[in-house]
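Computed from a predicted structure; not experimentally measured. Throughout, residue positions are numbered sequentially from 1 according to the sequence presented. Atoms considered below: every heavy atom in the structure, side chains included; atoms not considered: hydrogens, waters and symmetry mates.
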Amino acid sequence: MPELRDKLGKLNFKPAGPEIDIYGIQYKDKVRERARQKRLAAELAAGGKNAKQIKAEQRVAAKLQRVKDIRQDAIKKGRNPNKKRGRQAQMYDEWDELAKEERLHKKLKQRKITKEQYKKLMYGDKTEEEKD
């Protein structure tokens, strides 16, 4: 629609970025919201192309939100998230993170922890909030 191309620039319209989960935005009208939830559940249950796309978009939004939250936590603690760390310190952090992942994966394989506990320990409490 060529007539809208001119107006988009003048209205300062910015589309939702990947950090926003557009499927999580609720209607104010409860009847419409219930209908939307049913449609979304049916779409995800069908498991078609759209379901994969919806899940992928939700994962990207969740990941970007986690990064944003980590950055905000660092700012609250008085740290500078933009500050570059030394190469050796970065390597030690990566090795520590890898060791943590390996320990948790081993516990998961031995069935000492559940998948939910694994996700909570790996990614923090944010995964519980995403389910609600």
Side-chain angles (χ1 to χ4, degrees):
M1 296 164 69
E3 62 272 6
L4 290 179
R5 286 190 195 137
D6 298 331
K7 297 208 180 209
L8 285 179
K10 294 176 184 173
L11 296 176
N12 294 329
F13 175 76
K14 295 178 184 168
E19 68 275 358
I20 297 173
D21 180 16
I22 59 173
Y23 301 102
I25 300 172
Q26 299 179 352
Y27 285 115
K28 285 186 178 180
D29 184 15
K30 294 184 181 191
V31 175
R32 287 185 72 190
E33 177 59 23
R34 276 190 235 115
R36 184 187 74 86
Q37 289 293 336
K38 285 182 184 177
R39 282 194 314 272
L40 189 60
E43 183 71 37
L44 291 175
K49 179 181 172 185
N50 288 341
K52 290 180 182 178
Q53 182 181 3
I54 289 170
K55 288 180 181 179
E57 288 175 4
Q58 288 174 339
R59 278 194 302 272
V60 168
K63 182 178 179 182
L64 290 174
Q65 188 61 41
R66 277 195 305 271
V67 169
K68 189 176 180 182
D69 290 342
I70 290 171
R71 183 176 174 79
Q72 290 298 325
D73 289 342
I75 291 171
K76 284 181 185 177
K77 290 179 182 177
R79 296 181 183 147
N80 183 1
N82 297 330
K83 182 179 176 185
K84 288 187 178 179
R85 299 196 54 191
R87 180 177 281 168
Q88 187 174 12
Q90 287 177 349
M91 288 189 326
Y92 280 130
D93 288 345
E94 289 175 10
W95 278 107
D96 290 340
E97 188 176 329
L98 180 64
K100 177 185 169 189
E101 287 178 24
E102 291 292 326
R103 284 193 305 271
L104 289 174
H105 186 67
K106 184 177 179 181
K107 286 182 182 180
L108 179 66
K109 283 178 73 174
Q110 294 175 348
R111 298 179 188 227
K112 291 184 178 180
I113 59 173
T114 63
K115 244 184 183 175
E116 289 79 26
Q117 290 172 329
Y118 174 77
K119 287 180 181 177
K120 186 176 180 183
L121 291 170
M122 278 294 294
Y123 307 113
D125 294 332
K126 305 297 182 213
T127 55
E128 294 297 322
E129 294 171 2
E130 292 169 6
K131 289 181 182 177
D132 297 336

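In this structure, NZ on Lys115 lies 13.5 Å from CE on Met122, to the nearest 0.5 angstrom. Between atom CZ of residue Arg39 and atom CG of residue Leu44 there is a gap of 12.5 Å, rounded to the nearest 0.5 Å. Within the model, atoms NZ of Lys119 and CG of Leu108 stand 10.0 Å from one another, a figure rounded to the nearest 0.5 Å. A distance of 12.0 Å separates NZ in Lys107 from OH in Tyr118, rounded to the nearest 0.5 Å. Here Arg32 contributes atom CZ and Lys30 contributes atom NZ; the two are 15.5 Å apart, rounded to the nearest 0.5 Å. Atom OG1 of residue Thr114 and atom CG of residue Leu121 lie 9.0 Å apart, to the nearest 0.5 angstrom.
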### Message
Go through it in stages, so that I can follow the logic: the residues are Ile75 and Asn80, the test is side-chain contact (heavy atoms from CB on, under 4.5 Å), and I'd like the CA-CA distance, side-chain angles, deciding distance and then a yes or no.
### Response
CA-CA 6 Å; Ile75 291 171; Asn80 183 1; over 6 Å; no
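Other members of the hydrophobic cluster containing Leu64, listed by chain and number, are Val60; membership follows side-chain contacts under 4.5 Å among ILVMFWY residues, whether direct or relayed.
Here Arg36 pairs with Glu33 under the salt bridge (charged side-chain N to carboxylate O under 4.0 Å, His left out) rule; sequence neighbours left out. When the side chain to side chain contact (heavy atoms under 4.5 Å, CB included) test is applied to Gln110, the partners found at least two apart in sequence or on another chain are Lys106, Lys112. The side chain to side chain contact (heavy atoms under 4.5 Å, CB included) search around Lys100 returns Arg103, Leu104, not counting sequence neighbours. Every residue two or more places apart in sequence or in another chain was checked for a side-chain hydrogen bond (donor to acceptor under 3.5 Å, both in side chains) with Glu102, and none qualifies. With sequence neighbours excluded, no residue satisfies side-chain hydrogen bond (donor to acceptor under 3.5 Å, both in side chains) with Glu97. Remark: Arg71 engages Asn82 in a side-chain hydrogen bond (donor to acceptor under 3.5 Å, both in side chains) (not counting sequence neighbours). For Asp96, the side chain to side chain contact (heavy atoms under 4.5 Å, CB included) criterion is met by no residue, not counting sequence neighbours. In this structure, Glu101 has no side-chain hydrogen bond (donor to acceptor under 3.5 Å, both in side chains) partners at least two apart in sequence or on a different chain.
Using modelled atom types, one finds no donor on one side chain facing an acceptor on the other under 3.5 Å when comparing Glu94 with Gln90.
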